[in-house]
There are 2 protein chains.
Amino acid sequence: MKAKDQIKLLVVDDHPTFRMGLVALVESQTDMTVAAEAGDGKSAMDLFRQKKPDVVLMDLRMPGQGGVETILALLKEFPSARVIVVTTYDLDEDIFRAIQAGAKSYLLKDMPREQIIATIRDVHHGKHKLPPGVLSRLEERSRRQELTEREMEILQLIVKGRSNKEISSALFISEDTVKYHLKTLFTKLGVQDRTEAAISAVRHGIVHLE
Amino acid sequence: MKAKDQIKLLVVDDHPTFRMGLVALVESQTDMTVAAEAGDGKSAMDLFRQKKPDVVLMDLRMPGQGGVETILALLKEFPSARVIVVTTYDLDEDIFRAIQAGAKSYLLKDMPREQIIATIRDVHHGKHKLPPGVLSRLEERSRRQELTEREMEILQLIVKGRSNKEISSALFISEDTVKYHLKTLFTKLGVQDRTEAAISAVRHGIVHLE
DNA sequence: CCGCGATTCACCCATTCGGGTAGTTTTGCG
DNA sequence: CGCAAAACTACCCGAATGGGTGAATCGCGG
């Protein structure tokens, strides 16, 4: 197979060993090759400008600039760039944001090698089919109502274990207002109380721990 | 370098791509080689019996038999086996249980390649030094008081968002008793209320989501 | 057999929480 | 400008929660 026919890839992941696995996987195929590797969003941008890869494999959780921000920046500069997200966490919110940002597909790190390879070929050929498991999560996400900014702030404080009083003073609003937001928050998340809300937020990736 | 001088490794991880990365990493070194790969605990046991590797690299979260159970079973049959845990989650409880089970070291999947290689050599030579980050988490874990079985049950239900009344009927005890356990639970975890308890339990890996 | 930790239950009390209703202000968009 | 959504505040009320105290039972190891 001639080199010019090969799919040129950029691999972006801050885990050195996993990145090595992706590279080994890609290089084991005759019709694709890794043009460059990056460990963070910034150098990913630089390397894309230099190498102009056909497809980018991108992790979402990275130090510094996150994956979603990088996708956004990349597509702004190169609207035709094709990005496949390959990440550990199958959290609804991450998937949703990545697809919203313009990722062509979303794979999980524990998926079989054949599926990763097949998806690279598909995306390179312009298709962007999502794996069934990922698709169902995306649907679940879209069934959930959008949270307002204020509700997000409050939800984050809930996850930090703050009481209504603490939240009210942290946001410079009355305790009643906090309770008001909580009510709508509970119905949107489909939960009964703050503990369920906190767990649900973490489980769906609306709020990240740490 | 003669083959008999090489460190023989068994790599156990259910993520095909990460496993590929570990294999590529090991094979890039002249003094070590991968004797076998396994995607779950059961086949890891089989392959250990066949190949008798010098060192085992083992993930913790695996379908079916988990990592800790596998380590326990392995060391019961082969007390001299040397197991290094290589896992994604740097949760205090996982680390603690793995070391308790007899793992010689505990690495995180996002660690640099050199550190993984160096640890393999160290463990093969009988050392079992833990990386500083892991060590500090282990110390934090040991500062925490041990939870009783009952407290664990209740904590799990708290994470599921159950109310005191629901917990009491689920465990066939009075609501007052639930409240009693919660008190000691709160002090042991160093938290103020059930929401903090739930988050803390998830963060430290005492209770797993999903 | 004694002690100790774990578990169980009860009662009281103050605080917090969650639900309902009602109203004003702010903000963004057509 | 005018409307709609979001944000904010207040009040009431019942339920849930968390803290304190006291006490009985059970099982296990010294």
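The sequence lines fix the lettering, A, B, ..., with proteins before strands; numbering per chain opens at 1.
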Partners meeting ring pair (Phe, Tyr, Trp, His ring centres under 6.0 Å) with A:Tyr89 (sequence neighbours left out): none

Donor-acceptor under 3.5 Å (A:Arg194 side chain, A:Arg162 main chain): yes

Atom-pair distance (NZ on A:Lys165; P on D:dT9), nearest Å: 15 Å

Bounds of contact between DNA chain C and chain B, in 5' to 3' order, using a heavy-atom cut-off under 4.0 Å: C:dA6 to C:dC11

Length of the line joining A:Glu146:CD and D:dA5:P, which is rounded to integer Å: 15 Å

Criterion side-chain hydrogen bond (donor to acceptor under 3.5 Å, both in side chains) against A:Asp46, the qualifying member of A:Lys42, A:Arg49, A:Gln50: A:Arg49

Contact summary for A:Pro63 and A:Asp40, nearest pair of heavy atoms: O-CB, 4.3 Å

Any donor-acceptor N/O pair, A:Glu166 side chain to A:Ser163 backbone, under 3.5 Å: yes

Minimum heavy-atom distance A:Val23-A:Val34, with the two atoms named: CA-CG2, 4.0 Å

A:Gly205 to A:Leu91 - nearest heavy-atom pair and separation: CA-CD1, 3.8 Å

Nucleotide D:dG19, atom P - distance to CG of B:Asn164 in whole Å: 11 Å

Value in whole Å for how far the C1' atom of D:dA16 lies from CZ of B:Arg162: 17 Å

Of residues 166-183 of chain A, the positions that come close to DNA chain D - non-hydrogen atoms, cut-off under 4.0 Å: A:Ile173, A:Ser174, A:Asp176, A:Thr177, A:Tyr180, A:His181

CA sep, side-chain torsions, deciding dist, call: B:Thr195, A:Thr195, side chain to side chain donor-acceptor pair (under 3.5 Å): CA-CA 5 Å; B:Thr195 305; A:Thr195 305; 2.9 Å; yes

